Amino acid sequence: MTLKVYNTQTRAVGPFVPLEGNKVRIYACGPTIYDHAHIGNFRTFLFFDLVHRYLEWAGYEVQFVLNLTDVDDKTIEGAAKTGLSVAEFTRPFGEAFLEDSRTLGIMPVDSYPRATGFIEAMVEFVARLVDSGHAYKAEDGAVYFSIASFADYGKLKGIDSSDLKVGARVTHDEYDKEDARDFALWKAATDQDERAGAAWDSPWGRGRPGWHLECSVMSLAELGDTLDMHLGGEDLVFPHHENEIAQSEAATEQPFVRNWLHVKHLQLEGRKMSKSLGNYITVRELLDEGYDPASIRHQLISAHYRSDLNFTRVGLDASRNAVQRLLDFESRISGLQVSEGAGALPIPGLVEEALRSFESAMDQDFNTSDALGALFTMVTRVNAALDGCSEVSAADRDTVVEALESMDRVLGLLEVARAARSVDEDVVDWVEERIQARQRARAEGDFEAADSIRDELTEKGIVLEDGPEGTRWKVVS
Ligand code: AMP
Ligand code: ZN
């Protein structure tokens with residue numbers, strides 16, 4: 001079977017062919033770290049993870065780069081409001097993102113570049129565009145990309161050149177999705193930028209990069225001129241990715257991206273989940289409500305990435321049942337009596353069919369919904385085959401265990417469910433005892449002893465959170 005993907009640029013599903021043999025270079029637009037990512041963002045990041053996992057499962061060698069946006073209008077505004085530099089302001093949100101990603105079973109990627117680490121390369125890139133006539137410095141001190149200089153402008157979104165507002169300019173990172181205007185590659189530094197430590201020297205004076213520029217430069221620096229896949233949420237098609245194409249292809253004269261994949265936005269009660277609308281939920285909030293990470297992961301991967309997905313707690317309860325069914329199945333299989341004299345069961349055929357359907361679903365533009373269907377059909381059928389028989393052959397049992405493990409290397413549900421439950425009861429007792437000892441020490445005014453208990457727990461990967469309802473704890477490693 002060959003993997004087929006839907007490419008936003010060609011508006012068609014076609015075979016996926018990497019530029020160079022078995023190697024796949026992927027760049028994905030990660031979070032803007034001015035706040036906690038919400039579960040809508042995580043629908044997108046979990047899709048990135050499924051692409052990553054499935055390509056490796058299918059035997060590709062993947063190089064995956066996910067940026068963390070630390071310099072843009074929003075991070076600077078947040079830093080200015082809190083009196084911190086962008087580096088200080090964004091650090092905890094970057095850490096929280098990585099922690100939430102781990103909780104949801106998102107595999108680490110090869111690199112997480114941040115704009116602040118690539119300023120010199122960005123200045124060089126802008127200079128290249130100015131020298132080749134694709135960019136110009138305007139009277140406001142900013143350097144703009146001239147969309148009239150790039151004949152293919154609009155090819156991703158599918159706008160024609162009569163929609164271009166030639167000569168009209170915009171400095172905001174995000175702007176009206178219907179307007180094609182010259183956009184700022186490099187912005188003149190404001191007092192706020194200086195205060196936030198987001199201003200650098202350049203041939204055009206003190207300034208800072210525009211958001212679109214950042215992704216072009218980081219992807220080129222880390223992965224080369226042509227990417228096999230560029231991933232992001234659907235809102236990034238225009239202007240962000242359109243502008244990335246224009247800058248990158250104008251600078252390198254090479255095709256920038258072979259396949260563009262965009263994830264449909266998660267909805268909450270029928271409306272797009274977004275920070276600007278204020279209708280969002282974070283992973284942490286759901287964990288506080290008592291939901292487990294595997295259920296959240298299941299819910300967010302349950303629909304094909306280009307289909308609607310409406311988040312509801314009823315749906316999350318159904319996901320919890322689905323994950324429980326997998327865990328029950330796993331324990332049933334591992335608890336089976338094995339006997340060489342066990343009668344023949346239709347297990348090899350069932351499992352083979354399930355694996356075939358799983359692979360063909362994933363090959364069809366990463367259809368996770370059908371892939372989950374293949375897994376759960378296997379569970380139902382194997383359960384039915386096992387009903388009324390108390391023994392199986394070792395070969396049959398191993399076939400089921402291996403198939404379950406194999407599909408879970410992509411779906412990651414058992415993996416996450418096991419990790420969340422891996423804190424055994426002895427550890428729980430010990431942590432509770434230590435928390436009580438710390439409380440006693442604090443009540444007696446012995447803060448040194450209290451702090452040393454906290455340190456002892458931290459060393460073991462247990463983090464304490466003191467709140468109005470008392471002290472809560474969690475395992476971070
Ligand atoms: P941001 O942190 O706003 O830069 O967004 C990070 C990623 O999440 C981008 O790829 C967005 O397109 C994506 N995203 C934002 N809102 C949603 C949503 N409701 N559902 C799915 N993805 C989203
Ligand atoms: Zn980007």
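Atoms within a ligand are numbered from 1 in the order they appear, just like the ligands themselves. Just so you know, these numbers come straight off a predicted model, no measurement behind them. By convention here, the first residue in the shown sequence is residue 1.
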May I ask whether [X] has any heavy atom positioned less than 4.0 angstrom from an atom of ligand 1?
X      : result
Leu236 : yes
Tyr34  : no
Asp235 : yes
Gly30  : yes
His262 : no

Considering heavy atoms of the protein only, find what lies nearest to [atom] and give residue, atom and distance to 0.1 Å.
atom                    : answer
atom 18 (C) of ligand 1 : His265 CD2, 3.3 Å
atom 21 (C) of ligand 1 : Gly40 O, 2.8 Å
atom 8 (O) of ligand 1  : Asn41 ND2, 3.0 Å
atom 10 (O) of ligand 1 : Gly233 N, 3.0 Å

If I apply the N/O under 3.5 Å rule, does Met273 come out as touching ligand 1?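 Yes.
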Ignoring angles and geometry beyond distance, decide whether Lys275 reaches within less than 3.5 Å of ligand 1 through its nitrogen or oxygen atoms.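 For ligand 1, there is no N or O atom that lies under 3.5 Å from one belonging to Lys275.
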Under 4.0 Å from any heavy atom of [X], which atoms of ligand 1 are there?
X      : answer
Thr44  : 10 (O), 13 (C), 21 (C), 22 (N), 23 (C)
Phe45  : 6 (C), 7 (C)
Leu266 : 18 (C), 19 (N), 20 (N), 21 (C)

Taking the basic N atoms (NZ, or NE/NH1/NH2) and the acidic carboxylate oxygens, is any pair closer than 4.0 Å for Glu405 and Arg418? yes
Between Glu249 and Lys155, does at least one N-O distance fall below 4.0 Å, as a salt bridge requires? yes
Compare every heavy atom of Val5 with every heavy atom of Phe366, then report the nearest pair and how far apart it is.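 For Phe366 and Val5, the tightest heavy-atom pair comes out as CE1-CG1, 3.6 Å.
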Opening angle between SG in Cys29 and NE2 in His240, taken at the Zn ion (ligand 2), to 10 degrees: 120°
Just heavy atoms, cut-off under 4.0 Å: does Thr32 contact ligand 1 by side chain, backbone, both, or neither? both
Which segment of His38 sits under 4.0 Å of ligand 1 when only heavy atoms are counted: side chain
Hey, is the main chain of Asp72 close enough, under 3.5 Å, to the side chain of Asp173 for a donor-acceptor pair? no
Hey, is the main chain of Tyr34 close enough, under 3.5 Å, to the side chain of Thr32 for a donor-acceptor pair? no
Go through it in stages, so that I can follow the logic: the residues are Lys187 and Asp193, the test is salt bridge (Lys or Arg N to Asp or Glu O under 4.0 Å), and I'd like the CA-CA distance, side-chain angles, deciding distance and then a yes or no. CA-CA 10 Å; Lys187 308 182 186 194; Asp193 296 341; over 6 Å; no
Exercise: do His262 and Thr8 side chains pair donor with acceptor under 3.5 Å: yes
Under a plain distance cut-off of 3.5 Å, with no hydrogens placed, do Thr116 and Asp70 share a side-chain donor-acceptor pair?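 Side-chain D/A pair, Asp70 to Thr116: present.
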Apply side-chain hydrogen bond (donor to acceptor under 3.5 Å, both in side chains) to residues Ser369 and His304 and explain how you reach the verdict. CA-CA 6 Å; Ser369 161; His304 182 240; over 6 Å; no
Taking the side chain as every heavy atom from C-beta outward, state whether Phe311 and Leu286 have any pair of such atoms under 4.5 Å apart. yes
Does atom CD of Glu289 have more than 12 heavy-atom neighbours, drawn from other residues, nucleotides or ligands, at distances under 6.0 Å? yes
